[in-house]
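Right, one structure below, let's go through it.
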Number of protein chains: 2
Amino acid sequence: MASIKDVAAEAGVSVATVSRVLNDHPSVSADARTRVLAAVEALGYRPNAVARSLRTDQTHTLGLVISDVMNPYFTELARSVEEEARALGYSVIIGNADERPDLQDHHVRNLLDRRIDGLLVSPTDGGSPLMLDAVRAGTPMVFVDRWIPGVDVPVVRADGRAAVRDLVTHLHGLGHRRLAIIAGPAATATGQERVEAFREALRTHGLDLPDAYIGQGDFQAASGRRVTEGFLDLPEPPEVVFAADNLMALGALDAIRARGLRVPDDIALAAFDDIPWFVHTDPPITAIAQPTGELGRAAVRALVDRIEGRPPESVTLPARLVVRRSCGEPAPQEPSASPEPPPAQSPAVQSPVRRSQT
Amino acid sequence: MASIKDVAAEAGVSVATVSRVLNDHPSVSADARTRVLAAVEALGYRPNAVARSLRTDQTHTLGLVISDVMNPYFTELARSVEEEARALGYSVIIGNADERPDLQDHHVRNLLDRRIDGLLVSPTDGGSPLMLDAVRAGTPMVFVDRWIPGVDVPVVRADGRAAVRDLVTHLHGLGHRRLAIIAGPAATATGQERVEAFREALRTHGLDLPDAYIGQGDFQAASGRRVTEGFLDLPEPPEVVFAADNLMALGALDAIRARGLRVPDDIALAAFDDIPWFVHTDPPITAIAQPTGELGRAAVRALVDRIEGRPPESVTLPARLVVRRSCGEPAPQEPSASPEPPPAQSPAVQSPVRRSQT
DNA sequence: CACGTCGATGTAATCGATTCCACAAGGAGG
DNA sequence: CCTCCTTGTGGAATCGATTACATCGACGTG
């Protein structure tokens, strides 16, 4: 593969001049410039990003470590992150932690070794020493969706409190009084926060959240199923199951079906994290939607700010309730939207995999 | 960040010795080795992958360019690719082409500039000059799922012919005679192949595939919807719509619902590419399942073989029909699956059909 | 006319590793 | 006791870029 030396030889100039042309440095004669450009063309030369990175100590690359790529929420997040990064001149390397702290560490280490310019993390656990060290060492970092309390790193996330309150009001209005939650791992900030928001919302309606109605899940479908089975085995099973993420909601749906029960007639179901598929499930699932794309973009902007020396900002965006049919009674007409089945272009109900064609 | 020089100084040896220890070269004294290791530990030293790559001309990185991350099929593919690559000591950088040739080129160029060791591609189109050049220049490459005919690159893919035959037989048995297909882009090998397989299967049942029953889609949900609307507007609409990928199937489902029609009572629906959510849609969708995980792993193995100087093999694995309820009549119990859900790997019984490439 | 300035260019150092080569010490063999 | 290996080690070149510094004309000005 042709190197800058070959180009210099072909153009009859020094490598310094070639480099100047390539980085459009002001003081290069028009003549030299055209000769270099011609040589570049002729040889099909492309600068070696590895060498450039070694010299300049920047890779123009961001690392993104997420907890589960197979979760549509994170997939969408990854997509928007890559999009925004590309717009700002950065590439993204994704590391999938699969909710496993050891894998998370593996990826963080790998990305650090590759000298990425900054790291976007949605931590799986309470924070490994490795990650803490990286922060201390000055690696630009931003947390997205989940975060580690007490660490001085900007956080970009959605606040679900209001939406959870709306949900509980909705459920209460439908006459439900025994509400249970499938919680996420206690080690994650979002896991805890969602339970707290739920408990608080219940309290404002004079309802209680007994321990038996808090199931411990791990953000994976299997745990949703397991926990739901536990709920159904209770002497007094809940009337509503609220899953703290979409995968666990699917697991819950399975468990309910396996008992021959029906949603929402026998038991209601709601989820945190809205995903396109929830429109098509049987029945369509009421969920709390995060502004996922916006979160990804904001996270990238914060990280790039930090990298390029501007002060980064934490960002919190509101989540909102999207009512469908899984909690009872047909959905009230959604804002600007036609009735549910034809999932029109409403911001609330999006058709499966809506693409904001760029 | 500490460099190899710092370690050498700390350990009282030369950089050469440090390097030898790190790459466990045989001739290093036990004494030097322990001193170096201690220094590494003390400084928290980590080798700079950028510098190492520049010198050794290998990055231990694979590029994966896929056509659409938001498509669960590709998400799962990406996941299995990363897993297998990690097991073999490689990292993966994913590029999402979003079915856009220009974006595909952007990522290929970017990956090439980063001097990745090899490239895994699921081409969006018939092959840009850039990609052809890369092949000619000797970049190790393997095609996954889709491929470009006439290019000498190993292909790892699923063969759906038998499964499509099974599907048509199934549909025919249910009394359906007017079958339509939403095809993928003609520029993709899979797009064409699936139509051909469908047409052939129909022929063996004495059925015809009129042009009006071939809709041109682009593997995105919106196109599935559009094409389906066209079908429904025909004087004699089809009894079955077969979508060549999962997203278009969802679009079709939308279109059908929007007309107030019911699946499968008014019209049947089937899809190529099975995904976990098809179990939960209303109704569950009959689909042709690819051994996605196995494909990803096989592709990585082929690519790494090529990179490390072993002859790479093309691999073709059989897809299989998964009958659910979207074409009529309750699904016969699926093989080993109980209530189905956990989107587990399903390498049920498929025996890999390998054939080597010439 | 001499000198300072500025634009264009080349030489060489540098980034952090790997690795070829030279060399010293020590042991084996004659 | 002198070669000849073997083993362990360090010096220095190298990978492909960027960039500080030096150089060299040409030009403007006093």
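Please read all numbers here as calculations on a predicted model, not as lab measurements. Numbered from 1 within each chain, the chains take letters A, B, ... in sequence-line order.
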Review point. How close do B/S122 and B/Q104 get, heavy atom to heavy atom, and via which atoms?
Key: O-OE1, 4.3 Å
Practice item. Any chance you could list the contact pattern along nucleotides 17-22 of chain C? Use B for base contacts, S for sugar-phosphate-only contacts and - for none, protein heavy atoms under 4.0 Å, 5' to 3'. Key: BBBB--
Practice item. Remember a base hit wins even if backbone is also touched, and classify B/V13 as base, sugar-phosphate or nothing at under 4.0 Å, heavy atoms. Key: sugar-phosphate
Give the rounded distance in Å between these two atoms: [atom1] of [X] and [atom2] of [N].
| X | N | atom1 | atom2 | result |
| --- | --- | --- | --- | --- |
| B/R35 | D/dT9 | CZ | P | 8 Å |
| B/D57 | D/dT14 | CG | C1' | 12 Å |
| A/L54 | C/dA13 | CG | C1' | 13 Å |
| A/H60 | D/dA17 | NE2 | P | 16 Å |
| A/H25 | D/dA17 | NE2 | P | 18 Å |
| A/D31 | C/dA8 | CG | P | 11 Å |

Study note, to complete from the structure: Of A/D102, A/D98, A/N96, the one forming a side-chain hydrogen bond (donor to acceptor under 3.5 Å, both in side chains) with A/R100 is A/D102
Exercise for review: Measure from the side-chain N and O atoms of A/R35 to the backbone N and O of A/A11, and report whether any donor-acceptor pair falls under 3.5 Å.
Suggested key: yes
**Study point:** Test item: B/N23 side-chain N/O and B/S19 main-chain N/O as donor-acceptor pair under 3.5 Å
**Key:** yes
Practice item. Please determine if a side-chain N or O atom of A/S27 lies less than 4.0 Å away from the OP1 or OP2 oxygen of C/dG7. Key: no
Point to revise | Crowding at CD, A/Q58 (>12 non-hydrogen neighbours, <6.0 Å) | key: yes
Point to revise | Test side chain to side chain donor-acceptor pair (under 3.5 Å) applied to A/R86 - qualifying residues, sequence neighbours left out | key: A/E82
